[in-house]
Peer 1: 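My questions will all concern the structure given below.
Every chain is numbered from 1, with letters handed out A, B, ... down the list of sequences. In this text the structure is predicted, and so the values were computed from the model without any measurement. Just so it is clear, the values below take in all heavy atoms, side chains as well, and ignore hydrogens, waters and symmetry mates.
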Number of protein chains: 2
Amino acid sequence: MTTIKDIAKAAGVSVTTVSRALNGYSDVSEKTRKKIIDIAKQLNYSPNTLARSLVMNKSKTIGLLVSGMTRSAVKDNFTFEVMTGVNDYIAKTDYDVILFNTNSTKQREKTYSQLCRERRVDGVILQGIKTDDPYLTEVVESDIPCVLIDIPIQSDRVGYVTTDNVYGAKKAVQHLLELGHRNIAMMNGHDYAFVSKQRLQGFYEAMEEANVPIRKEWVVNGDFSEEMAEARAYELFTNEPNITAIFCASDLMALGVMKALKQLHLRVPDDVSVVGYDDILLASYVSPALTTVAQNKFQMGYEAASMLIDMLEGNEAKVVTLRTQLVVRESTAEVKKG
Amino acid sequence: MTTIKDIAKAAGVSVTTVSRALNGYSDVSEKTRKKIIDIAKQLNYSPNTLARSLVMNKSKTIGLLVSGMTRSAVKDNFTFEVMTGVNDYIAKTDYDVILFNTNSTKQREKTYSQLCRERRVDGVILQGIKTDDPYLTEVVESDIPCVLIDIPIQSDRVGYVTTDNVYGAKKAVQHLLELGHRNIAMMNGHDYAFVSKQRLQGFYEAMEEANVPIRKEWVVNGDFSEEMAEARAYELFTNEPNITAIFCASDLMALGVMKALKQLHLRVPDDVSVVGYDDILLASYVSPALTTVAQNKFQMGYEAASMLIDMLEGNEAKVVTLRTQLVVRESTAEVKKG
DNA sequence: CTGAAAGCGCTAACAC
DNA sequence: GTGTTAGCGCTTTCAG
């Protein structure tokens with residue numbers, strides 16, 4: 001493989017001159033520059049970024065650490081959309097992205113910051129990490145610039161992008177209230193997700209403002225899993241026949257809930273209204289189409305990448321909160337009288 | 001950031017010894033090794049893979065070059081599933097993956113092999129590349145180990161994984177023939193996809209073996225796009241009302257076809273039977289659920305990664321052909337008599 | 001069992 | 001404008 005040394009020899013100059021010429025420094029005569037560039041082309045030269053990174057002490061790579069790259073997560077293309085957004089922004093820069101995943105054996109032995117430091121990534125985007133993940137604190141407290149998705153931790157090296165979860169959930173529940181529902185349940189995710197707490201809060205706020213009493217036993221956790229949500233919903237609706245509507249903290253769980261309702265011969269939306277969260281692809285394809293709170297996942301990735309690159313260029317870590325949108329489809333309807 | 005030099009100093013040994021101890025060489029006394037490992041831990045040492053890669057002349061990274069990471073491709077989670085398969089295999093190795101995309105400005109100036117050489121990836125997996133892509137030949141003829149997905153090029157450095165496209169298409173068309181259809185159309189992709197040619201061949205074989213005449217004007221290209229397929233299908237079914245069934249080279253196109261049929265007030269499967277290809281997530285969720293030829297995309301990625309790593313360890317490039325499976329759902333039915 | 005020294009390909013003072 | 005030199009952090013002969 002050709003090196004600048006080879007070029008230097010061929011051009012009869014020193015490696016310094018080659019380096020400078022190729023990197024567009026001004027203090028090289030146009031004549032030598034042209035010659036060097038010609039020879040480089042001729043020799044099919046590619047710079048060795050490893051060597052460059054080593055000496056410059058920055059690699060021009062960012063890490064993308066996701067938890068959702070699993071076979072079972074294919075239904076939930078959240079991760080993929082975020083990744084696409086990241087990719088889209090990064091494509092416009094001179095950075096490349098290196099993919100880490102949290103669910104490998106490899107990772108279990110190494111902390112996130114170790115992963116990052118070994119590859120000398122300049123910064124990292126984290127997605128799908130649980131708030132109780134011990135490695136989360138570890139990487140956030142390291143000196144690696146981080147952008148978190150849906151985890152509200154901030155410092156001079158750590159920013160995050162999220163959506164208006166409280167407000168999003170509130171709008172969803174208000175929609176149910178406006179339809180006349182009073183007996184509203186909630187299928188939440190789990191205690192280790194920031195968004196779960198936020199969406200629960202939105203639920204509470206909406207209910208309280210409408211002076212509708214909250215039944216704590218009507219709020220259950222489905223662990224963001226379709227199967228778990230189905231099982232929980234089956235129990236819930238079996239024991240509590242008065243519930244007329246349910247707000248789910250994710251579309252995938254809403255799908256599970258709808259399956260349970262079908263088994264119990266309860267019709268959506270005639271007997272029970274269902275609202276989801278996320279607006280995954282399936283939401284508009286299932287029958288009945290799911291009313292849900294749409295998040296712009298693509299943009300979340302895009303903003304995260306943008307913020308990270310900004311940070312690497314000396315700007316401050318920020319907080320970006322994107323707006324969500326209630327998308328009313330077919331899974332919600334007015335409560336039946338009596 | 002701690003280096004082996006720091007450790008050497010702290011332990012009172014040379015850097016050589018540190019390197020050997022940390023890499024598990026046998027010619028270090030247990031005592032010094034333990035000491036060194038302790039100090040390394042204490043100093044929170046992470047090896048600098050850049051430096052290591054530079055001197056070892058291999059980076060322990062593979063490139064993943066995909067074309068399908070675009071906002072519009074989200075419906076078609078083909079890319080994501082392949083990526084997940086790749087990721088799953090790689091997670092078990094000591095390699096990391098670096099993501100390249102074909103649709104960036106960055107890339108338009110650099111060839112694929114340049115991208116690879118600059119980052120010194122040890123090998124690369126290519127997915128979603130058109131057969132007429134000039135950079136394809138370029139990377140395949142370089143000395144970089146490649147595994148291609150759905151492109152049949154082989155050499156000592158290039159292997160590929162694909163599925164039994166001819167047979168898969170044949171089964172799909174035979175299914176239609178068995179249902180009594182004779183007036184069968186095909187919505188193909190484009191001329192720059194290997195799979196299009198193969199699937200077309202399968203279509204021909206099935207028709208010929210059944211002694212059913214082929215109408216060339218009933219075979220159209222939808223460019224693997226939902227919108228394009230919709231437009232083409234609209235024309236086709238407007239002009240050719242005798243067609244009773246259509247085989248599509250992708251599910252996404254099948255979706256487009258179904259939209260066109262709906263507009264034309266043709267019912268699926270009562271008036272027209274539709275078969276897709278891929279078995280994307282949506283196939284089982286649309287109504288009517290799509291009969292299709294299922295490919296194991298996850299496994300394609302997994303096998304590709306496995307082959308590449310094998311090659312990097314000295315084994316030969318191979319060809320892996322995975323089996324497809326006809327999944328009969330609701331979009332196909334017996335042809336209506338007379 | 002351990003160390004000295006060279007070198008991977010590149011950049012960056014510093015001199016001329 | 002251009003060259004000399006040192007050094008990024010690591011591995012690897014080669015001596016001892």
Peer 1: Testing A/Ile37, A/Ile39, A/Asp38 one by one against A/Lys35 for a side chain to side chain contact (heavy atoms under 4.5 Å, CB included), which residue passes?
Peer 2: A/Ile39

Peer 1: Is there a donor-acceptor contact under 3.5 Å linking the side chains of B/Glu118 and A/Thr49?
Peer 2: no

Peer 1: With DNA chain C as reference, determine whether B/Arg120 or B/Val13 sits nearer its 5' end, using the nearest nucleotide of each.
Peer 2: B/Val13

Peer 1: Do A/Ser113 and A/Glu138 have side-chain atoms, one donor and one acceptor, less than 3.5 Å apart?
Peer 2: yes

Peer 1: Who are the side-chain hydrogen bond (donor to acceptor under 3.5 Å, both in side chains) partners of B/Thr17, not counting sequence neighbours?
Peer 2: B/Ser14

Peer 1: Atom CD of residue position A/Glu316 - does it have more than 12 heavy atoms of other residues, nucleotides or ligands inside 6.0 Å?
Peer 2: no

Peer 1: Using a cut-off of strictly less than 4.0 Å between a heavy atom of the residue and any atom of DNA chain D, enumerate the qualifying residues of residues 34-50 of chain A by number.
Peer 2: none

Peer 1: By nearest heavy atom, map A/Thr3 and B/Arg33 onto DNA chain C; which one lands nearer the 5' end?
Peer 2: B/Arg33

Peer 1: Can you see which heavy atom on B/Gly68 is nearest to which on A/Phe80, and at what distance?
Peer 2: O-CZ, 3.8 Å

Peer 1: Has the side chain of A/Arg120 got a donor or acceptor atom that lies under 3.5 Å from a matching backbone atom of A/Arg117?
Peer 2: yes

Peer 1: Compute the angle between the rotation axes at the two ends of the helix from C/dC1-D/dG16 to C/dC16-D/dG1, each taken over five pairs, rounded to 10 degrees.
Peer 2: 40°

Peer 1: Using a heavy-atom cut-off of under 4.0 Å over every strand shown, decide if B/Thr16 touches base, sugar-phosphate, or nothing.
Peer 2: base

Peer 1: What is the 5' to 3' range of DNA chain D, first to last nucleotide, that sits under 4.0 Å from any heavy atom of chain A?
Peer 2: D/dG1 to D/dG9

Peer 1: Would you mind reporting whether B/Leu65 and B/Tyr112 have side-chain heavy atoms less than 4.5 Å apart?
Peer 2: yes

Peer 1: Judged by each residue's nearest nucleotide on DNA chain D, which is more toward the 5′ side, A/Glu30 or A/Val15?
Peer 2: A/Glu30

Peer 1: Quick one, A/Thr163 and A/Thr321 - any side-chain contact, counting heavy atoms below 4.5 Å?
Peer 2: no

Peer 1: So A/Tyr89 and A/Leu308, side-chain contact (heavy atoms from CB on, under 4.5 Å) or not? Walk me through it.
Peer 2: CA-CA 11 Å; A/Tyr89 186 87; A/Leu308 185 58; over 6 Å; no

Peer 1: Extract, from 5' to 3' on DNA chain C, the first and final nucleotides lying under 4.0 angstrom from some heavy atom of chain B.
Peer 2: C/dC1 to C/dG9

Peer 1: How is B/Asn57 classified with respect to the nucleic acid when contacts are heavy atoms under 4.0 Å: base, sugar-phosphate, or nothing?
Peer 2: nothing

Peer 1: Looking at B/Thr84, B/Asn87, B/Asp96, which one forms a side-chain hydrogen bond (donor to acceptor under 3.5 Å, both in side chains) with A/Asn101?
Peer 2: B/Asn87

Peer 1: Output all residues satisfying side-chain hydrogen bond (donor to acceptor under 3.5 Å, both in side chains) with B/Tyr302, sequence neighbours left out; order by chain, then residue number.
Peer 2: B/Lys92

Peer 1: So B/Ser53, base contact, sugar-phosphate only, or nothing? Heavy-atom distance under 4.0 Å.
Peer 2: nothing

Peer 1: Quick one, A/Lys130 with A/His190, criterion side-chain contact (heavy atoms from CB on, under 4.5 Å). Give me CA distance, side-chain angles, the key distance, then yes/no.
Peer 2: CA-CA 9 Å; A/Lys130 292 190 181 185; A/His190 52 63; 3.7 Å; yes

